[in-house]
Amino acid sequence: MCGIVGYIGFKKASEVLLKGLSYLEYRGYDSSGVALMTKGKIEIFKAPGKLNNLREVLLKEQNICNKSTSGIGHIRWATHGLPTELNAHPHTCNCGSLVVVHNGIIENYKELKNELEKYGCEFKSQTDTEVAAHLIAHEFSKCKDLMAATTNAVKKIQGAYAFCVMHKTMPDKIIVARKNAPLIIGVGEGENFIASDIPAIIEYTKKAIYLNDNQVAEIKKDSIRITDLEGNLLENKVEFLPFEPVALSKMGYKHYMLKEIHEQSDVARNVLQGKLTNSKSEIVLEDVKLTPKELKNIKRIQIIACGTSLHAGLVGKYILEKFAKIPTDVEASSEYIYRDTISDENTLTIGISQSGETADTITAIKQVREKGSHVLIITNRPDSTMARLADSLLPVNAGIEVSVAATKSYMAQLLSLYLLTLYLVQITNPESVKDKEIVSLKQEMLELPNKIEAVTNNTKAIKETAKKYSSFKDFIFIARGINFPTALEGALKLKEISYINATGYSAGELKHGPIAMLDETMPVLAILNKGCVYDKVMSNCEEAKARQAKLIGVTNFIDRKSKDLFDDILTIPDISDTLSPALNIVVLQLLAYYIAEYLGKDVDQPRNLAKSVTVE
Ligand code: F6R
């Protein structure tokens, strides 16, 4: 949450900062600001609302912008204080000589504030960040060394932070520090960059240093000096950044979300490539570091994740228990971390995260590592904090996902879980890989990309249904078995981008309470694949129909009965129940997209959300 950009070099800093912030908008977008270093002065510009507002402010300040070749910028997702201009970053000390931008939460800000007020510090905003500006300035007044002042200050700060700091008397440097919030330093020629995430700087450089927790760096245009909190000089480990700037283009689609939904057939191909070649071949998962003996000793699996990644984990439970026969628990990281949980060396913990930066999941992973569990991370960001904590890493290769609503990363997570399950079966029960069901699942996985294309290339019925139902204020999504998580994920997609109240229920639970809400104002969307629970879901649909609810069916099977029962039917190509979550979800993503688009919502940047949730 919140995005940070910094630049020092020879380019117009305002342009580098604005462009960088635009690629970090997914991290928050309620206000933004920049501080530009000019001769002997730091100029601050802020604006509430979307980044365009700041762009307009800067357009009127071209005189200053033309002169400045270093600065820091911030895009905010409010944690402390309303998203106003006053609370927007950068924040300053009393005299305005020192400026700070911050991502994270300062947990002991109240204590620090009380202490600093005794020294005459005056606070103008409601943010925790302003405390850091005063604290670093206070330390600077004692040592006159910006790097030492920042180091001394962060030693007193509890919580999570990535900071960029500038002082008007030291125009040749920017100081950065990090703990539990991502920060990278982009390495250029005669210029250097700072960012919360790669997209902000990838247009300028493909070389970067990942700052680690409890490290501080002094960044000048032609040098970078990194130390630990004791002041010991550390090595600059320069790494190659894995993205191409083209990945950030909309490629002609109206929204990133639509582009990313359409990319899912290729994402599926990428995930399978090199790992599953034909229905009889072995699964190759080189990144799983457990030996066959260790894999055979796994007595239990626990999957920890949040949001959409949690829903992928729920599908994972079904297939891991069905095929690998290993008891599997799935839990939201935010709940997991506040319980006395049990795990040991015979527990495999799977952390799933698109961003690899979700604070709750990171905390959970750290907890289980201490208890001796092997940690396998499934993430779209092999460069993330979570990936760095992993014992085994399963990168999902979905490519950069810009839209806040996760779509293609979900597809990649699902398929990675199917591959992992089949891999476990192969190791723990080699004989069973010849089973008809396993061979046919592999065959279906190979055919899946073409089936996804069949859905994304034929959206007419989905668009019409979206238009027809866009005026409803509430929805219920139901399914049973392996598609229950699909109902949860479909409802999540709809509510997050259209703000329509949508809840996913296990179809069998409907009659235990939710059915009380049903009438003609509450459409019910049922996901029902021909398989063992089809008839049961049909009965639940009958019950809903009897309460006058409008019924939408998402299915691979139509007969006279379903034609009579459903008001609208959205079909998917034929597929087994086992793999159907990977196809049904594409229909639900498109339905949510077209409803939100029809309602004129800000699809890629829904209100109150951020793509990378780096606070607990
Ligand atoms: C929903 C969505 C969120 C994320 C959740 C976890 O579309 O994107 O629910 O899935 O915030 O994020 P990651 O997967 O990055 O850990």
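Read the numbers this way: they start at 1 and go in the same order the structure lists the ligands and their atoms. Reckoned from all heavy atoms, side chains included, excluding hydrogens, waters and symmetry mates.
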Suppose we measure from [atom] to each protein heavy atom; which comes out shortest, and what is that distance?
{"atom": "atom 7 (O) of ligand 1", "value": "E496 OE2, 2.5 Å"}
{"atom": "atom 11 (O) of ligand 1", "value": "V613 CG2, 3.8 Å"}
{"atom": "atom 12 (O) of ligand 1", "value": "T358 OG1, 3.4 Å"}
{"atom": "atom 6 (C) of ligand 1", "value": "C306 O, 3.4 Å"}
{"atom": "atom 15 (O) of ligand 1", "value": "S355 OG, 2.6 Å"}

Need the ligand 1 atom indices (1-based, order shown) with element for anything under 4.0 Å from a heavy-atom of [X].
{"X": "A405", "answer": "7 (O)"}
{"X": "K493", "answer": "1 (C), 7 (O)"}
{"X": "A406", "answer": "7 (O), 8 (O)"}
{"X": "S353", "answer": "13 (P), 14 (O), 15 (O), 16 (O)"}
{"X": "S309", "answer": "10 (O), 13 (P), 14 (O)"}

Query raised in the report: Quick check: does T308 get an N/O under 3.5 Å from an N/O on ligand 1?
Result: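 Yes, at least one N or O pair falls under 3.5 Å.
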Query - Ring centres under 6.0 angstrom apart (F193, Y204) - result: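 Yes; Y204 has its ring centre under 6.0 Å from that of F193.
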Query - Result of checking L348, T421, I303, I319 against T328 for side chain to side chain contact (heavy atoms under 4.5 Å, CB included) - result: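 Testing T328 for a side chain to side chain contact (heavy atoms under 4.5 Å, CB included) against L348, T421, I303, I319 leaves exactly one candidate, I303.
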Between the main-chain N or O of [Y] and the side-chain N or O of [X], is there a donor-acceptor pair closer than 3.5 Å?
{"X": "E239", "Y": "Y210", "value": "no"}
{"X": "Q413", "Y": "G313", "value": "no"}
{"X": "D344", "Y": "S373", "value": "no"}

Query raised in the report: Does ligand 1 have a heavy atom under 4.0 Å from the side chain of V404, from its backbone, from both, or from neither?
Result: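 Within the 4.0 Å criterion, V404 contacts ligand 1 through backbone atoms alone.
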Report task. Flag this pair as yes if the NZ/CZ of R607 is under 6.0 angstrom from the six-membered ring centre of Y499 and inside a 45 degree cone about the axis; otherwise no. Result ->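 Here R607 passes the 6.0 Å and 45° test against Y499.
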Report task. Please list all pairs passing the side-chain hydrogen bond (donor to acceptor under 3.5 Å, both in side chains) test where one or both residues lie in residues 479-489, with sequence neighbours left out. Result ->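 Found T308-E489, H311-E489, R480-N540, N483-T486, N483-S580, N483-N584, E489-K493.
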Requested in this report: Test V404 against D604 for side chain to side chain contact (heavy atoms under 4.5 Å, CB included), laying out the working first.
Outcome: CA-CA 6 Å; V404 165; D604 284 332; over 6 Å; no
